[in-house]
Visitor: 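What follows is a single structure, and I will ask about it in a moment.
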Amino acid sequence: MTAPNTTIFEHMSGLAREFGAINLGQGFPELPEPPEMIAAAQAALAGKSNQYPPMRGLPELRSAVADYYGRTQGLELGADNVVVTSGGTEALAASLFALIAPGDEVILVQPLYDAYLPLVRWAGGTARMINLIPPQWTLPLDTLAAAIGPKTRGIVLNTPNNPVGTMLGRETLEAIGELAEKHDLWVLCDEVWEAMVFDGTAHISPLAIPSLAQRAIKVGSAGKIFSMTGWKVGWAVAAPELAAKIAGRHQFLTFTTPPALQWAAAEGLALPDSWFDAQRARYGALKARLVSGLEQSGFKVLPSSGTWFVTIDLAASGLPADDAMLAERLVREAGVASIPVSAFYAEAPQTGYLRLCFTKDEAVLDEAVARLAKFRAELG
Ligand code: PMP
């Protein structure tokens with residue numbers, strides 16, 4: 001796979017516009033935005049400096065990130081562990097550019113978020129793919145161990161996982177920690193979905209695993225935590241020495257991130273737990289509504305814990321298993337845009353699954369279910 005000119009997300013959103021379809025493809029909420037956050041950003045724009053903030057991020061935001069993870073994930077962190085970046089994407093880029101030397105091998109896990117592979121390659125690295133195993137999307141530890149060779153330097157993980165919404169448990173992370181210690185590997189963990197977990201499963205960061213605490217980098221995103229994807233405020237969190245190396249790359253990628261949004265993110269992270277619980281309850285209810293609507297219409301939805309997405313098993317739903325073809329048909333014929341899970345593979349794609357985003361209001365979700373049900377009924 002060479003770096004794509006347009007992503008599958010843009011492609012599907014473009015088709016949704018062209019055909020006037022409901023867009024359950026690209027992951028963004030079409031819901032009221034949190035007024036507290038808008039007010040905080042407005043106040044910061046008017047009342048704080050709009051000049052370059054410190055390169056590593058406003059000290060207030062770096063401390064707020066550390067405190068938030070202390071409160072919500074039991075991590076012991078300080079501002080020295082945090083580098084603020086322009087979105088989780090830049091945190092991924094700065095981390096990979098800091099960690100990879102030309103010729104290094106990096107293990108990626110499919111299905112994978114589309115930015116990882118081009119970034120590994122731009123850093124001069126070579127990617128080695130392993131696959132999660134459906135329908136539970138378990139990470140096969142024996143395959144992971146077998147993929148580690150003399151040039152392997154690191155592993156990129158994603159929990160909760162986009163597209164399939166599953167999470168890595170403590171035992172799996174501990175086993176990965178043993179491998180990382182044995183082979184002296186770094187672990188870059190994309191945790192941008194950490195606040196969007198709906199079934200009570202605890203999100204566990206590799207930073208919480210003693211064997212990984214010094215060798216893991218955690219990537220977070222205010223855009224995801226506060227459901228405003230356009231904000232592009234994110235961060236990398238790691239042991240201070242590692243964080244300093246990542247800052248060295250951030251310095252020449254974007255240098256800084258808009259200060260008003262940093263101030264707002266800092267205030268937002270200090271909101272009471274009840275605010276985050278209410279946000280999760282709102283999104284969890286939308287997820288439940290889409291899942292039950294689909295199930296009542298004969299679709300098989302795979303179990304998942306987090307993210308804004310659910311995955312349909314096509315064969316088990318009585319639909320053709322060519323997910324890419326079906327997604328093209330659904331947007332044109334049913335008026336619903338989705339994302340084929342095979343688009344999250346760089347090699348040997350797993351077909352047969354479609355990703356749907358549920359962060360739309362109830363009426364939109366109900367209409368999407370009705371359209372999908374009609375399409376399915378007409379096929380049969
Ligand atoms: N990683 C994953 C797994 C994502 O789903 C996304 C956004 N869709 C990102 C990173 C990018 O986050 P940001 O918008 O903060 O750059």
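As the structure lists them, so they are numbered: ligands from 1, and atoms in each ligand from 1. None of these values were measured; they are calculated from a predicted model.
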Visitor: Tell me, please, which residues at least two apart from Arg170 pass salt bridge (Lys or Arg N to Asp or Glu O under 4.0 Å).
Guide: none
Visitor: Can you check side-chain contact (heavy atoms from CB on, under 4.5 Å) on Thr254 and Thr85, steps first, answer last?
Guide: CA-CA 8 Å; Thr254 62; Thr85 57; 5.8 Å; no
Visitor: List the residues meeting side-chain hydrogen bond (donor to acceptor under 3.5 Å, both in side chains) with Arg215, not counting sequence neighbours, and say none if there are none.
Guide: Asp184
Visitor: Can any side-chain N or O of Arg62 pair as donor or acceptor with the backbone N or O of Val82 at less than 3.5 Å?
Guide: yes
Visitor: In plain terms, say whether Glu378 and Lys374 are close enough for a salt bridge, that is, a side-chain N and a carboxylate O under 4.0 Å apart.
Guide: yes
Visitor: What are the atom names and distances for all N or O pairs under 3.5 Å between ligand 1 and the protein?
Guide:
from: ligand 1; atom 1: 1 (N); to: Asp190; atom 2: OD1; distance (Å): 3.4
from: ligand 1; atom 1: 1 (N); to: Asp190; atom 2: OD2; distance (Å): 2.5
from: ligand 1; atom 1: 5 (O); to: Asn162; atom 2: ND2; distance (Å): 2.8
from: ligand 1; atom 1: 5 (O); to: Trp193; atom 2: NE1; distance (Å): 2.9
from: ligand 1; atom 1: 8 (N); to: Lys224; atom 2: NZ; distance (Å): 2.9
from: ligand 1; atom 1: 14 (O); to: Lys232; atom 2: NZ; distance (Å): 3.1
from: ligand 1; atom 1: 15 (O); to: Gly88; atom 2: N; distance (Å): 2.7
from: ligand 1; atom 1: 15 (O); to: Ser221; atom 2: OG; distance (Å): 2.7
from: ligand 1; atom 1: 16 (O); to: Gly88; atom 2: N; distance (Å): 3.1
from: ligand 1; atom 1: 16 (O); to: Thr89; atom 2: N; distance (Å): 2.9
from: ligand 1; atom 1: 16 (O); to: Thr89; atom 2: OG1; distance (Å): 2.6
from: ligand 1; atom 1: 16 (O); to: Lys232; atom 2: NZ; distance (Å): 2.7

Visitor: Run the salt bridge (Lys or Arg N to Asp or Glu O under 4.0 Å) test against Glu36 and tell me which residues pass, sequence neighbours left out.
Guide: none
